[in-house]
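Step one of this worksheet: look at the structure below.
Just so you know, residue 1 is the first one in the sequence shown, and it goes up from there. In this text the structure is predicted, and so the values were computed from the model without any measurement.
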Amino acid sequence: MALAHVRRGDLVVVTKGKEQGKRGKVKRVLGNGRVEVEKIMMIKRHTKPSQKNPQGGILEREGSIAAANVALWCEKCQKPVRSKAVAKDTGSKVRACIKCGTEFPAAG
């Protein structure tokens, strides 16, 4: 089983694009290799009035960004890092910082 690069709830840094250097939490991981990060890549959606939103209008929400363009943030190293899969004694795999070995919490 392959380990995911980023998961929902992870703290990440944008490494490429117009939002480069910004940090945020992963809100959602999409199936097509993209992620939504809180307060990053904000877009405006023009919506018609509906049952859910009777007013309609222009809503601002997060757009998606390629998962390859984000890196995990290591609290110990205080910088964006790559992760490696480390096997535990129980047989499960966890993600860890490639530099210092600190395990990333199981986000969910």
Legend entry - Ala71 to Pro80 - nearest heavy-atom pair and separation: CB-CB, 3.9 Å

Inset, instruction - Take Lys27 and Arg8 through the side chain to side chain contact (heavy atoms under 4.5 Å, CB included) test and state the conclusion after the steps. - result: CA-CA 6 Å; Lys27 245 177 115 173; Arg8 186 176 43 139; over 6 Å; no

Inset, instruction - Tell me whether Val29 is reachable from Val14 by hopping between hydrophobic residues (I, L, V, M, F, W, Y) whose side-chain heavy atoms are closer than 4.5 Å. - result: yes

Inset, instruction - Enter the distance from Ile40:CD1 to Glu19:CD here, rounded to the nearest 0.5 Å. - result: 5.5 Å

Legend entry - NZ on Lys99 to NZ on Lys79, rounded to 0.5 Å: 5.0 Å

Inset, instruction - Please determine, by modelled atom types, if Arg95 and Ser83 share a side-chain donor-acceptor pair under 3.5 angstrom. - result: no

Inset, instruction - For Met41 and Ser64, work out which heavy atoms get closest and say how close. - result: CG-O, 4.0 Å

Inset, instruction - In sequence, state the C-alpha distance, the side-chain angles, and the governing distance for Glu38 and Lys25, and then conclude on salt bridge (Lys or Arg N to Asp or Glu O under 4.0 Å). - result: CA-CA 6 Å; Glu38 286 179 354; Lys25 248 186 186 161; over 6 Å; no

Inset, instruction - Nearest 0.5 Å please: distance from the OG1 atom of Thr47 over to the NZ atom of Lys52. - result: 11.0 Å

Legend entry - Lys88/Glu103 ion pair, N-O < 4.0 Å: yes

Inset, instruction - Report yes if the side chains of Cys100 and Cys77 come closer than 4.5 Å at any heavy-atom pair, otherwise no. - result: yes

Legend entry - Distance-minimising heavy-atom pair for Val26 and Arg7: CB-O, 3.5 Å

Legend entry - Full working for side chain to side chain contact (heavy atoms under 4.5 Å, CB included) between Val35 and Val37: CA-CA 6 Å; Val35 293; Val37 183; 4.1 Å; yes

Legend entry - Salt bridge flag under 4.0 Å for residues Glu62 and Lys39: no

Inset, instruction - Please name the pair of heavy atoms, one in Asp10 and one in Pro105, separated by the smallest distance, quoted to 0.1 Å. - result: OD1-O, 4.3 Å

Inset, instruction - Kindly indicate whether the side chain of Ile43, heavy atoms from C-beta on, has any atom under 4.5 Å from the side chain of Arg61. - result: yes

Inset, instruction - Identify the heavy atoms of Val70 and Thr15 that sit nearest to each other, and give their distance. - result: N-OG1, 4.0 Å

Legend entry - Heavy-atom neighbours of Gln55 CD exceed 12 at 6.0 Å: no

Inset, instruction - Considering only NZ, NE, NH1 and NH2 on the basic side and carboxylate oxygens on the acidic side, decide whether Glu36 and Arg28 come within less than 4.0 Å. - result: yes

Inset, instruction - Of all the heavy-atom pairs spanning Gln78 and Glu75, show the shortest one and how long it is. - result: NE2-O, 2.6 Å

Legend entry - Shared hydrophobic cluster, Trp73 / Val6 (ILVMFWY, side-chain heavy atoms < 4.5 Å): no

Legend entry - Distance, nearest 0.5 Å, that separates SG of Cys97 from CZ of Arg82: 11.5 Å

Inset, instruction - Look up atom CG in Leu72 and atom CZ in Phe104, then write down how far apart they are to the nearest 0.5 Å. - result: 4.5 Å

Inset, instruction - Mind checking the NZ-CD spacing from Lys22 to Gln20? Nearest 0.5 Å is all I need. - result: 11.5 Å

